[in-house]
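Below: the structure, in structure tokens.
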Amino acid sequence: MGSAKAYRNLLALAIAALAAAPALAQGADLVTEGAQVFKKCAACHAVGPEAKNRVGPNLTGVVGRTAGTEADFSYSDAMVAAGEDGLVWDEAKLSEYLANPRAMVKGNTMAFVGLRSEEDRKAVIAYLEAESTE
């Protein structure tokens with residue numbers, strides 16, 4: 001009887017793993033796609049364990065960070081004010097900002113026009129999150 005219960009438990013785990021596999025693969029694909037899209041950002045920004053500030057701030061750990069607070073980076077007055085007013089970079093705010101940076105934080109100095117594609121924005125945010133946890 002004990003082995004039948006163990007077999008059912010093993011079977012249930014196998015089914016759960018198979019059910020989760022597409023979601024895990026999709027998440028990995030999204031991060032890979034985000035790495036490609038991030039190349040548009042890499043001239044000014046870096047992300048990852050060894051990343052440093054460039055023309056733009058280091059984006060490691062940006063999800064959850066208050067705007068305008070990366071250490072040793074000189075932000076525009078507009079970005080500092082946005083952070084002081086409570087702007088925290090969650091996925092929704094990052095997506096809004098990446099769609100049109102100048103419209104969301106008027107007076108910021110980022111020259112990039114934005115990522116029009118919602119899929120590109122989702123992918124870049126997934127990449128930023130993945131690179132921040134490694």
Side-chain angles (χ1 to χ4, degrees):
M1 234 8 159
S3 63
K5 184 176 180 182
Y7 175 76
R8 281 194 305 271
N9 288 342
L10 183 59
L11 184 61
L13 284 172
I15 290 169
L18 287 172
L24 292 174
Q26 182 180 12
D29 290 345
L30 194 60
V31 171
T32 300
E33 181 182 332
Q36 290 301 312
V37 176
F38 187 78
K39 289 179 181 180
K40 296 176 183 180
C41 313
C44 298
H45 295 281
V47 63
E50 303 298 319
K52 302 212 181 318
N53 292 327
R54 294 183 179 172
V55 173
N58 169 7
L59 297 179
T60 306
V62 70
V63 178
R65 183 189 303 156
T66 299
T69 61
E70 173 61 24
D72 301 321
F73 186 79
S74 179
Y75 286 94
S76 65
D77 291 342
M79 190 59 73
V80 171
E84 289 171 349
D85 288 342
L87 177 59
V88 175
W89 295 122
D90 62 16
E91 290 181 32
K93 291 296 183 184
L94 277 170
S95 184
E96 180 183 348
Y97 183 73
L98 290 172
N100 191 342
R102 291 191 181 268
M104 184 178 169
V105 180
K106 293 184 183 356
N108 86 80
T109 57
M110 188 161 98
F112 188 66
V113 297
L115 297 171
R116 300 293 179 232
S117 163
E118 183 178 351
E119 293 304 314
D120 283 354
R121 294 191 305 271
K122 284 181 182 180
V124 165
I125 294 166
Y127 173 70
L128 291 172
E129 289 179 315
E131 286 296 306
S132 294
T133 58
E134 291 182 358

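Note that these values count all heavy atoms, side chains included, but never hydrogens, waters or copies made by symmetry. What you are looking at is a predicted structure, and each value in this text was computed from that prediction instead of being measured.
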Backbone of Asp120 reached by a side-chain donor or acceptor of Ser117 within 3.5 Å: yes
Examine distances only and state if a side-chain atom of Asn53 and a backbone atom of Ala71 form a donor-acceptor pair shorter than 3.5 Å. yes
Partners meeting side-chain contact (heavy atoms from CB on, under 4.5 Å) with Lys93 (sequence neighbours left out): Leu87, Trp89, Asp90, Glu96, Met104
Has the side chain of Arg121 got a donor or acceptor atom that lies under 3.5 Å from a matching backbone atom of Leu98? no
Measuring from atom CZ of Phe112 to atom SG of Cys44, what distance do you get when rounded to the nearest 0.5 angstrom? 9.5 Å
Where do Val37 and Glu119 land on the side-chain contact (heavy atoms from CB on, under 4.5 Å) test, with the steps shown first? CA-CA 10 Å; Val37 176; Glu119 293 304 314; over 6 Å; no
Indicate yes or no for a side-chain donor-acceptor contact from His45 to the backbone of Pro57 under 3.5 Å, with no hydrogens or angles considered. yes
Test item: Arg54 side-chain N/O and Ala42 main-chain N/O as donor-acceptor pair under 3.5 Å: yes
Shortest non-hydrogen separation from Ser132 to Gly61 and the atoms involved: OG-N, 2.6 Å
Quick check for you: to the nearest 0.5 Å, what is the distance between Leu115 atom CG and Ile125 atom CD1? 9.0 Å
To the nearest 0.5 Å, atom CG of Leu30 lies from atom CD of Glu129 at 9.5 Å
Other residues, nucleotides, ligands: >12 heavy atoms within 6.0 Å of Asp72 CG: no
Measure across Arg102 and Ala111 and return the closest heavy-atom pair with its distance rounded to 0.1 Å. NH2-CA, 3.7 Å
If every non-hydrogen atom of Val80 is compared with every non-hydrogen atom of Tyr75, which pair is closest and at what distance? CG2-CB, 3.7 Å
Hey, is the main chain of Glu91 close enough, under 3.5 Å, to the side chain of Ser95 for a donor-acceptor pair? no
Gly107 and Ala78 have their tightest heavy-atom pair at C-CB, 3.4 Å
Could you pull out the closest heavy-atom pair between Arg65 and Thr69, with the gap in Å? CG-OG1, 3.3 Å
All pairs passing side chain to side chain donor-acceptor pair (under 3.5 Å) where residues 104-113 contributes a residue, at least two apart: Tyr97-Asn108
Less than 4.5 Å apart, any side-chain heavy atom of Asn58 and any of Phe73? no
Would you say Thr60's side chain and Gly48's backbone share a donor-acceptor pair under 3.5 angstrom? yes
Apply side-chain contact (heavy atoms from CB on, under 4.5 Å) to Ala35 and list each qualifying residue two or more places apart in sequence or on a separate chain. Tyr127
Looking at Asp77, I'd like to know if its CG atom is crowded, meaning that more than 12 non-hydrogen atoms belonging to other residues, nucleotides or ligands lie closer than 6.0 Å. no
